[in-house]
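Each remark here refers to the structure printed beneath this line.
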Amino acid sequence: QVQLVESGGGLVQAGGSLKLSCAASGRTFSRYAMGWFRQAPGKAREFVAAISWSGGHINYTDSVNGRFTISRDNAKNTVYLQMNSLKPEDTAVYYCSARHSAGLVVTPQLYDYWGQGTQVTVSS
């Protein structure tokens, strides 16, 4: 069982930055691939980024590639999402997720655990 708690969301102006954190419980955090998803009002949950067990493999959706950076610290059981050059269209609730597998996938149904989400609002 893994419990995930996100933090770091907030209100920021376009062009600004935020860093999201996701703290995981459990002793086997290093055996989980981790992902970040987001969901805007009236829209489906969409993939943002994922990172493998070791951090050696990373995947981003095209719209954030070059602006967002996913990373993890297995000693601290934490995964991060550094978001730079934020745009109003990045506004959403951001969710952390964990998948007990080596593969990086973009489908939310393939993730085993989810956090409660943190709101990110980017004003124009």
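All values below were derived from every heavy atom in this structure, side-chain atoms included, with hydrogens, water molecules and symmetry-related copies excluded. The residues of the chain are indexed from 1 along the displayed sequence.
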Does any non-hydrogen side-chain atom of Leu104 lie less than 4.5 Å from one of Ser52? yes
Flag this pair as yes if the NZ/CZ of Arg72 is under 6.0 angstrom from the six-membered ring centre of Trp53 and inside a 45 degree cone about the axis; otherwise no. no
Dump the intermediate steps for side chain to side chain contact (heavy atoms under 4.5 Å, CB included) on Arg38 and Val64, then the final yes or no. CA-CA 12 Å; Arg38 65 187 180 187; Val64 309; 4.0 Å; yes
Applying side chain to side chain contact (heavy atoms under 4.5 Å, CB included), run through Val106 and Asn59 and close with a yes or a no. CA-CA 9 Å; Val106 304; Asn59 189 21; 3.7 Å; yes
If you look at every heavy atom in Ala40 and Ala92, which pair is closest and at what distance? N-CB, 3.8 Å
Distance, nearest 0.5 Å, that separates CG of Leu86 from OG1 of Thr91: 8.5 Å
Do Met83 and Val120 come within less than 4.5 Å of each other through their side chains, counting heavy atoms only? yes
In terms of hydrophobic clusters joined by side-chain contacts under 4.5 Å, are Tyr113 and Tyr94 together? yes
Measuring only between side-chain heavy atoms, which start at C-beta, is Asp112 closer than 4.5 Å to Val2? no
Is the distance between the ring centroids of Phe37 and Tyr111 less than 6.0 Å? yes
Compare all side-chain heavy atoms of Cys22 with those of Tyr80 and state whether any distance is below 4.5 angstrom. no
Donor-acceptor check, side chain of Ser97 to backbone of Gly35, threshold 3.5 angstrom: yes or no? yes
Where Leu81 and Ala49 come nearest, the two heavy atoms and their spacing: CD1-CB, 4.3 Å
Sidechain-backbone polar pair: Thr107 side chain, Gln109 backbone, donor-acceptor under 3.5 Å: no
Please work out which of the three classes, parallel, tilted or perpendicular, describes the rings of His100 and Tyr32, given edges at 30° and 60°. parallel
Say you draw a straight line from CG of Leu110 to OG of Ser101; how long is it, rounded to the nearest 0.5 Å? 9.0 Å
Within a strict 4.5 Å, meaning less than it, do heavy atoms of the Met34 and Leu4 side chains meet? yes
Polar contact flag, side-chain donor to acceptor under 3.5 angstrom, Asp73-Thr78: no
Which atom pair, heavy atoms only, marks the closest approach of Phe29 to Asn74? CE2-OD1, 3.2 Å
For Tyr95, does the six-membered ring have the charged nitrogen or CZ of Arg45 within the cation-pi criterion, i.e. under 6.0 angstrom from the centroid and within 45° of the normal? yes
Using a 3.5 Å distance criterion without hydrogens, assess whether the side chain of Thr61 forms a donor-acceptor pair with backbone atoms of Val48. no
Output yes when a side-chain donor or acceptor of Glu6 lies under 3.5 Å from a complementary backbone atom of Gly117, and no otherwise. yes
Measure from the ring center of Phe68 to the ring center of Trp36 and say whether it is less than 6.0 Å. no
Does any part of the side chain of Ile51, heavy atoms only, come nearer than 4.5 Å to the side chain of Val79, both counted from C-beta? yes
Between Gln13 and Val122, is any pair of side-chain heavy atoms under 4.5 Å apart? no
Grab the two heavy atoms, one from Tyr60 and one from Asn65, that are nearest each other, plus how far apart they are. CD1-OD1, 3.7 Å
Is the number of heavy atoms from other residues, nucleotides or ligands within 6.0 Å of CD (Gln3) greater than 12? no
Please determine, by modelled atom types, if Gln119 and Thr121 share a side-chain donor-acceptor pair under 3.5 angstrom. yes
Got Gln82 and Ser71 here, is their nearest side-chain heavy-atom distance under 4.5 Å? no
